[in-house]
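For reference, the structure discussed in these notes is given below.
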Amino acid sequence: MKNHKKGDKLYINLISGPDDIRPISKTPAGDASTDPFCVYAHKRHAVGSKIINNDGSETVCTAHNNGSWQNINSIE
């Protein structure tokens with residue numbers, strides 16, 4: 001993604017809804033100006049962040065294409 005804001009720290013998060021975002025990492029996992037990230041609910045999330053979907057499936061933020069959400073069962 002372009003137009004990264006310098007100084008934006010990225011954290012690995014566990015997400016179960018737009019209003020339920022819990023950080024997994026206590027320290028920043030990266031920086032938005034140099035590291036890939038995914039966007040969910042208008043927020044940046046570090047590679048490794050997971051979304052728990054309503055049906056119980058999981059989607060994970062990957063470095064593929066500089067940050068994309070992928071179904072955990074389809075990652076090779």
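Counting from 1, the numbers follow the sequence of the chain as shown.
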If you round to the nearest 0.5 Å, how far is [atom2] of [Y] from [atom1] of [X]?
X: D31; Y: L10; atom1: CG; atom2: CG; answer: 6.5 Å
X: N13; Y: I24; atom1: CG; atom2: CD1; answer: 7.0 Å
X: C38; Y: H64; atom1: SG; atom2: NE2; answer: 11.0 Å

Shortest non-hydrogen separation from [X] to [Y] and the atoms involved:
X: Y40; Y: G17; value: OH-C, 3.8 Å
X: A29; Y: A46; value: CB-CB, 3.9 Å
X: V39; Y: W69; value: O-NE1, 3.0 Å
X: K26; Y: Y11; value: O-CE2, 3.8 Å
X: P36; Y: A63; value: CG-CB, 3.9 Å

Using a 4.5 Å cut-off on heavy atoms from C-beta on, say whether the side chain of V47 contacts that of D35.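 They are not in contact (no side-chain heavy atoms under 4.5 Å apart), so the answer is no.
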Quick one: are T59 and Q70 in side-chain contact, heavy atoms under 4.5 Å?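 T59 does not reach Q70 side chain to side chain.
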Can a donor-acceptor pair be found, under 3.5 Å and without considering hydrogens, that links the side chain of S57 to the backbone of N53?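 Pair absent, no side-chain N/O of S57 close to backbone of N53.
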Checking I51, I12, L14, I21 against H45 for side-chain contact (heavy atoms from CB on, under 4.5 Å), the one that qualifies is I21
